[in-house]
Amino acid sequence: MLEVTRIRNDYDAVIAGLQKRNLSPEVLQLVDEVIAQDDRRKQVQAELDQLLAQRNSLSKEIGQLMQGGRRDEAESMKQSVSAMKGSIEIMQDQLTAAKDRIEAILLTLPNVPQTIVPAGKHAEDNEVFRDWAGPLPAAGDKPLPHWELGKKYNLFDFELGVKITGSGFPLYRGKGARLQRALIQFFLDQAIAAGYEEIIPPLLVNEDTARATGQLPDKEGQMYHCTADNLYLIPTAEVPVTNIYRDAILQESDFPIKLTGYTPCFRREAGSYGSDVKGLNRVHQFDKVEIVQFQHPDRSDEALMAMLDHVASLLDQLGLPYRILRLCGGDLGHTSSITYDFEVFSAAQQKWLEVSSVSNFETYQTNRMRLRFRNGDGATQLAHSLNGSALALARVVAALLEFYQTSDGIEMPSVLIPYTNFERIG
RNA sequence: GGAGAGUUGGCCGAGUGGUUUAAGGCGCACGUCUGGAAAGCGUGUUUCCCAAAAGGAUCAAGGGUUCGAAUCCCUUACUCUCCGCCA
């Protein structure tokens with residue numbers, strides 16, 4: 001969440017940034033309410049502290065009187081302290097009310113987009129940051145969509161997924177399963193080579209964890225919830241991996257912290273329909289290798305670019321056509337200050353599929369998580385957090401199968417062969 | 001799942017209602033000493049709120065009792081031991 005001090009000190013920039021998100025005037029007015037509520041909070045806090053100080057010193061005197069055996073004086077003093085109770089309680093309630101209101105507003109307010117984020121309402125307003133320079137496969141050139149290839153070569157089975165669980169839970173088999181595992185291993189090895197530490201996190205998280213990275217309360221309906229134990233199935237490894245550093249104070253020398261993790265991801269995707277959910281385009285369970293960084297605020301921009309290069313190199317090595325978009329304010333996620341999406345070209349469907357989203361959250365997540373570091377002055381300061389998919393499997397598999405199909409099989413890109421242990425499917 | 005014991009600062013650890021303003025130790029930082037270092041000695045060292053001295057909050061979390069709670073009561077979470085179940 002945003003820091004109140006930033007809203008105060010950088011008011012104009014915060015408003016200007018939030019305006020790029022295409023927010024309603026009502027939401028923008030909440031920024032002013034935060035300041036008003038915070039003024040109120042400070043005032044009430046000061047008055048309450050004074051009362052508490054008074055009570056503390058009187059109570060101490062009572063203790064001394066009691067020990068000195070002057071019980072009558074102690075008794076009358078007790079009564080006067082008791083009389084303060086009512087006002088202390090009222091002030092405490094007011095303080096809690098102000099704090100709760102500030103918290104509620106801050107949860108509503110999204111991150112402030114960076115200055116280079118374009119304004120815009122929808123996905124169409126996203127800026128093409130790096131386009132695919134080469135030619136794209138023409139329509140009909142690669143005729144079969146991945147779901148038909150999957151059926152033809154017995155790589156995955158949606159009907160069995162439905163039988164076992166329900167729609168959106170694909171079952172992979174044979175070379176389909178092996179390709180999946182090969183890609184995971186390849187992506188992890190690449191991340192490790194780039195200096196990331198591998199993590200295998202829990203796949204179920206508690207409420208505190210889901211709140212810290214921002215899934216709660218805003219995206220409650222997107223997660224599978226195990227109510228008996230009040231745990232949530234993770235929608236991305238970002239959630240458990242980022243929370244490793246919840247409520248911590250780092251040294252500057254600890255930076256950069258670079259973590260990677262493979263996990264299955266579970267998303268309810270309520271409200272999705274149509275061609276978007278065909279085949280592997282959008283499923284409830286998919287595999288993903290995530291990269292996460294914690295950085296010094298001065299170096300998070302360059303860290304983001306390095307993450308971009310890392311993801312790009314994965315797609316380059318796989319030989320798939322892709323482009324990079326810089327998301328516009330309206331399409332930017334709630335917690336992000338800037339996001340680049342990677343879209344890989346689906347040759348048979350003739351459309352772009354999102355396979356990675358790389359973001360700098362600056363202090364938005366770390367403020368909620370209380371992840372700080374000790375700066376040169378010895379003071380604590382919020383760290384920056386970043387993450388990205390490297391990569392999301394299901395759609396990469398879809399694009400890969402379609403792109404490398406021939407009339408009688410599917411060729412594996414050479415970089416994958418040491419991992420798959422087969423050169424072609426079919 | 002059942003029974004019992006626990007949770008105190010970066011770490012260890014004392015603390016059963018009032019000089020606890022959380023003892024003592026380790027670690028760390030600075031100073032002193034030294035040719036330099038170690039040892040010794042001295043000072044400092046949770047985090048958060050407030051512009052800040054002062055002040056306030058903070059002993060797993062939340063609630064309660066009390067003039068006053070690390071300390072007593074209730075609820076929850078977690079850890080350990082034993083029993084049960086189990087890959």
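Note: hydrogens, waters and symmetry copies are ignored here, and every other heavy atom, side chains too, is used. Numbered from 1 within each chain, the chains take letters A, B, ... in sequence-line order.
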Ordered by number, residues from residues 365-373 of chain A within less than 4.0 Å of RNA chain B (heavy atoms) are R372(A)
Without swapping roles, check the side chain of N360(A) against the backbone of I338(A) for a donor-acceptor pair under 3.5 Å. no
inquiry  = Measuring only the C1' atom in each nucleotide, how far is C85(B) from U75(B)? A whole number of Å is fine.
reply    = 28 Å
Whole-Å distance, K78(A) NZ to G17(B) P, equals 15 Å
Its contact letters, B for base, S for sugar-phosphate only and - for none at protein heavy atoms under 4.0 Å, make nucleotides 51-60 of chain B read S---BSS---
Re A22(B): Watson-Crick or G-U wobble partner, both distances kept under 3.5 Å, found to be none
Do Q79(A) and E75(A) pair up side chain to side chain, a donor and an acceptor below 3.5 Å, judged on atom types alone? no
| task | Kindly assign one of parallel, tilted or perpendicular to the pair Y364(A) and H334(A), based on the angle between their ring planes and the thresholds 30° and 60°. | result | perpendicular
What integer number of Å spans the P atoms of A39(B) and G25(B)? 16 Å
When rounded to whole Å, the CZ to C1' distance for the pair R211(A) and A61(B) reads 13 Å
query: Within a radius of less than 6.0 Å around CD of Q50(A), do more than 12 heavy atoms belonging to other residues, nucleotides or ligands occur?
result: no
note: N230(A), atom CG; U76(B), atom C1'; distance rounded to Å ~ 12 Å
By the Watson-Crick or G-U definition, both distances under 3.5 Å, A70(B) is matched with none
Comparing D38(A) with E61(A), nearest RNA chain B nucleotide closer to 5' gives the residue E61(A)
Between CG of D247(A) and P of G9(B) the distance, given in whole Å, is 13 Å
Nearest-nucleotide check on RNA chain B, T380(A) vs I62(A); residue mapping nearer the 5' end is T380(A)
Under a 3.5 Å limit on both distances, the Watson-Crick or wobble mate of U7(B) is A77(B)
Exercise for the section: State whether the number of non-hydrogen atoms from other residues, nucleotides or ligands found under 6.0 Å of R173(A) atom CZ is greater than 12. Expected result: no
Between CG of L250(A) and P of U47(B) the distance, given in whole Å, is 13 Å
* **Aromatic ring proximity F156(A)/F158(A), centre distance under 6.0 Å** => yes
L65(A) atom CG is separated from G68(B) atom P, nearest whole Å, by 16 Å
Taking a pair to mean Watson-Crick or G-U wobble geometry with both distances below 3.5 Å, G36(B) pairs with none
Q. Considering only the P atoms, how many Å lie between C26(B) and U21(B), rounded to the nearest integer?
A. 25 Å
I249(A) atom CD1 is separated from U46(B) atom C1', nearest whole Å, by 8 Å
So CE of M412(A) and OH of Y419(A): to nearest 0.5 Å the spacing works out to 15.0 Å
* Asked: Any side-chain heavy atom of K175(A) within less than 4.5 Å of one from I410(A)?
  -> no
Checking N1-N3 plus N6-O4 or O6-N4 for Watson-Crick, or N1-O2 and O6-N3 for wobble, each under 3.5 Å, the partner of C86(B) is none
Here the gap from T242(A) atom OG1 to N387(A) atom CG, rounded to the nearest 0.5 Å, amounts to 5.5 Å
How are the rings of F373(A) and F255(A) set to each other: parallel, tilted or perpendicular (split at 30° and 60°)? perpendicular
Answer for the Watson-Crick or wobble partner of A14(B), both distances under 3.5 Å, is none
In numerical order, the residues of residues 83-101 of chain A whose heavy atoms come under 4.0 Å of RNA chain B are K85(A)
Rounded distance in Å between the P positions of A52(B) and G63(B) | 27 Å
Notebook entry, point to check: How far, in whole Å, is A22(B) from G56(B) if one measures between their P atoms?
Noted result: 12 Å
Taking a pair to mean Watson-Crick or G-U wobble geometry with both distances below 3.5 Å, A54(B) pairs with none
note: N206(A), atom CG; U76(B), atom P; distance rounded to Å ~ 18 Å
Worksheet entry | Pair Q295(A), H384(A): side-chain N/O donor-acceptor within cut-off below 3.5 Å | no
By the 4.0 Å heavy-atom rule, please label S80(A) as base, sugar-phosphate, or nothing. nothing
U58(B) and U81(B), which share atom name P, separated by this distance in whole Å
33 Å
query: Using the P atom in both, what is the distance from G10(B) to C59(B), to the nearest Å?
result: 13 Å
- Looking just at side-chain N and O atoms, do Q405(A) and E148(A) make a donor-acceptor pair shorter than 3.5 Å? no
Scanning all shown strands, the Watson-Crick or wobble mate of A29(B) with both distances under 3.5 Å is U43(B)
Between U19(B) and G13(B), how far apart are the two P atoms, rounded to whole Å?
25 Å
_Modelled atom types, side-chain donor and acceptor of Q45(A) and D49(A), under 3.5 Å_ = yes
Here the gap from L183(A) atom CG to L188(A) atom CG, rounded to the nearest 0.5 Å, amounts to 11.0 Å
